[in-house]
Amino acid sequence: MNVNQTFHRWKTAILYVILSLMMIGLAGRLVYLMIYRSAYYTAKAEDLHLRERTIKAARGRILDRNGTVLADNRTVCTISVIHNQIKEPEETIAVLCRELELSEEEVRKKVEKRSSREVIATNVEKALGDKIRSCQLAGVKVDEDYKRYYPYDSLASKVLGFTGGDNQGVIGLEVKYEEFLKGTNGTILTLADAAGVELKDGREERIEPQAGKDLLTSLDVNIQQYAQQLAYETMEKKNAKGVSILVMNPQNGEIFALVNVPEFNLNTPFVLDQNLVSESAQQKALQETAEGMDAQERRNRMWRNSCVSDTYEPGSTFKVITAAAGLEAGVVALEDRFSCPGFRIVEDRKIRCHKVGGHGAENFLQGMMNSCNPVLIDVGQRLGVDEYYQYFEQFDLKGKTGIDIPGEASTIMHKKEAMGPVELATVSFGQSFQITPVQLVATVSSIINGGKRVTPHFGVEAKSSDGTWMHQFSYPVGKEILSAETSAKMRYILEQVVSEGSGKKAAIEGYRIGGKTATSEKLPRSRKKYISSFIGFAPADNPQVIALITIDEPEGIYYGGTIAAPVIADLFRNILPILGIQESANSG
């Protein structure tokens, strides 16, 4: 009996000790939570009663070099519902369906969904948003937002790019300069009760948004408009698949205009087959549909900037590079004599000149003026594979230009070890390899501007709209790719090409113009399809502007000197005064 009593007493004591320790532990935990963690749990409690909505930041504008707005913002509204705050669900559904022209099933699903917030519609015109707000429907929120707006519709569409539903850049400058343009969103915080209903007398906190920075570009809206007009006229007249024009300052790489027609409307960028003014472009669109190409792939092609992302065989415009390398290396001089019988035999290949009967006896200057293939083949052979390849790399032709547009393609060139006499011969006059139009313009600019490599670009500076912040963009100072003496000789040669040679149709009375024509045959050669082009610059003695036009698959007469050179002449005739380039007393 005594033993049992003693055992029970021990059990009671042990239980008491355990309970005491538990009470002490709980008390300690409560002290810790109430004193040391009070701030944390107070914040958590507040979060349960806070409702958060985003205030979208205005995206920075894109401006041309003179401050003309190319991309702006329009105020729109986002319509959303908060389930716990809705008092008249049927009335709410009816009003939203009627005003937003949405199906009842779609709206009902969102109105009846038990969630903190459901978005009914975005990018609603402000007038309509104000109308819905005036209905004072409990639980319906109308928040102001911004939608990108492009005042000139399709102007420079493949340069500017556009934004998606989240107002972020998708292509072009919009995505390249996203970090400057996007801004920082703000927030609206409101108090709600346990049921999620906003308290009428509850506080509202606002964290104001910060607008994005404006982007000042080198584009000139007047030059871009005129170049685009000429490109469309040429496309329609020659029933071409497409036409590109690039206009740049050869001294610093600032791009005044870049046109790729057909362009698309930036305000409706997802609509397929826009601005197909030629039958050839329309047939291409029909072929893509017939081949089962999905809509997104077709849009990607429509948005593609061919001057930057597509390569092509440059043809005779590339003779500028071969000539510059030959003169710089000292393997040829202006007075060197050549003979053109209409072809050259290189190993087992007979490579023809564009003039079947040949040019006969001519010096190097005349060979360039005549755009004679055998003369340039001879210069290439004099250089040899090793030295020619050295100049190809010295002129930075193998890499990319570094243009501030996404998706730039690289040059497609023979590997040095696979380049024999035949490959060297064809490369010498612009065949059997491919470069981008922007690479050609950048390289020719470097050859005529005194020999310094330039980086093509659009971005000049980013700045806040109130002028309190500014960031100047800088571009690599190019290395010297050839001597000033060789550069001067090339300017002289190319001026003669226009004044007396194959580029006569680019001549403009009162101005000294230099340039080079080209007519390159597309692959496969059996299709007999061509790209006609002309690259020109002015003034010839001190170049301030350079322009390249490429006409893809023109019908009828397709020679670059006949159909491409006059377009650049027309372009220069109208834009040289805009650029402040005066007529020369020594011209023509």
Side-chain angles (χ1 to χ4, degrees), residues 250 314 316-340 344-347 351 353 359 361-398 411 413-414 416-417 419-433 435 439-440 442-454 478-497 500-502 514-516 535 537 540-543:
S316 294
T317 49
F318 197 76
K319 290 172 181 173
V320 176
I321 284 83
T322 302
L327 289 168
E328 184 76 354
V331 302
V332 70
L334 297 185
E335 303 79 19
D336 283 5
R337 304 299 298 178
F338 296 85
S339 176
C340 171
R344 274 290 184 272
I345 302 294
V346 181
E347 290 192 331
I351 304 174
C353 185
H359 294 101
E362 56 188 343
N363 61 27
F364 179 62
L365 175 59
Q366 292 167 331
M368 284 293 290
M369 291 165 61
N370 294 328
S371 195
C372 179
N373 287 352
V375 169
L376 275 300
I377 290 172
D378 287 354
V379 173
Q381 299 296 318
R382 290 181 185 183
L383 283 164
V385 171
D386 288 342
E387 195 163 15
Y388 194 96
Y389 215 85
Q390 173 196 324
Y391 278 103
F392 202 90
E393 293 179 331
Q394 181 174 315
F395 292 169
D396 281 342
L397 278 160
K398 288 195 69 179
T411 301
M413 181 60 171
H414 304 282
K416 183 178 177 180
E417 56 271 20
M419 196 170 176
V422 173
E423 289 76 21
L424 177 59
T426 54
V427 168
S428 297
F429 61 88
Q431 274 191 6
S432 79
F433 75 101
I435 63 173
Q439 177 64 270
L440 179 65
T443 306
V444 174
S445 293
S446 305
I447 287 171
I448 64 171
N449 69 10
K452 62 181 185 293
R453 182 72 187 186
V454 296
K479 63 182 183 181
E480 185 176 293
I481 65 168
L482 82 170
S483 66
E485 181 184 1
T486 299
S487 179
K489 288 180 181 178
M490 288 305 305
R491 291 195 297 271
Y492 171 73
I493 290 171
L494 296 173
E495 184 176 7
Q496 299 309 304
V497 169
E500 299 181 41
S502 59
K516 186 71 190 73
I535 189 165
F537 57 92
D541 57 332
N542 181 27

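Note that the structure is a prediction, hence the values are computed from the model and not measured. For reference, positions follow the sequence shown, starting with 1.
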| Verdict with reasoning, Thr322 to Tyr391, per side chain to side chain donor-acceptor pair (under 3.5 Å) | CA-CA 9 Å; Thr322 302; Tyr391 278 103; over 6 Å; no

Would you say [X]'s side chain and [Y]'s backbone share a donor-acceptor pair under 3.5 angstrom?
X: His359; Y: Pro374; result: no
X: Ser428; Y: Ile377; result: no
X: Lys516; Y: Val497; result: no
X: Glu495; Y: Tyr492; result: no
X: Ser371; Y: Met368; result: no
X: Gln381; Y: Pro421; result: yes
X: Glu362; Y: Phe338; result: no
X: Asp336; Y: Phe364; result: no
X: Ser502; Y: Asn370; result: no
X: Glu328; Y: Ser483; result: yes

Can you find a pair of side-chain heavy atoms, one from [X] and one from [Y], that are under 4.5 Å apart?
X: Lys319; Y: Val379; value: no
X: Arg491; Y: Asp541; value: no
X: Thr317; Y: Val444; value: no
X: Val332; Y: Leu327; value: yes
X: Asp396; Y: Thr443; value: no
X: Leu494; Y: Val320; value: yes
X: Phe395; Y: Gln439; value: no

| query | Just wondering, are more than 12 heavy atoms of other shown residues or ligands nearer than 6.0 Å to CD in Glu393? | reply |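 It does: Glu393 CD has more than 12 such atoms within range.
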
| CA sep, side-chain torsions, deciding dist, call: Ile493, Leu334, side chain to side chain contact (heavy atoms under 4.5 Å, CB included) | CA-CA 9 Å; Ile493 290 171; Leu334 297 185; 3.4 Å; yes

| message | Can you tell me how the ring of Phe392 sits relative to the ring of Phe433, calling it parallel under 30°, perpendicular over 60° and tilted otherwise? | response |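 Phe392 vs Phe433 ring planes: perpendicular.
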
| request: Drop me the distance from Glu485's CD to Met490's CE, to the nearest 0.5 angstrom. | output: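 Here the interatomic distance stands at 13.5 Å.
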
| field | OG-CD distance between Ser316 and Gln431, expressed to the nearest 0.5 angstrom | value |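 It is 8.5 Å, given to the nearest 0.5 Å.
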
| query | In chain order, what residues pass the side-chain hydrogen bond (donor to acceptor under 3.5 Å, both in side chains) check against Asp378, with sequence neighbours excluded? | reply |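 Only Arg344 meet the side-chain hydrogen bond (donor to acceptor under 3.5 Å, both in side chains) criterion with Asp378.
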
| Verdict with reasoning, Ser445 to Arg453, per side chain to side chain donor-acceptor pair (under 3.5 Å) | CA-CA 8 Å; Ser445 293; Arg453 182 72 187 186; over 6 Å; no

| task | Applying side chain to side chain contact (heavy atoms under 4.5 Å, CB included), run through Val427 and Met419 and close with a yes or a no. | result | CA-CA 10 Å; Val427 168; Met419 196 170 176; 4.0 Å; yes

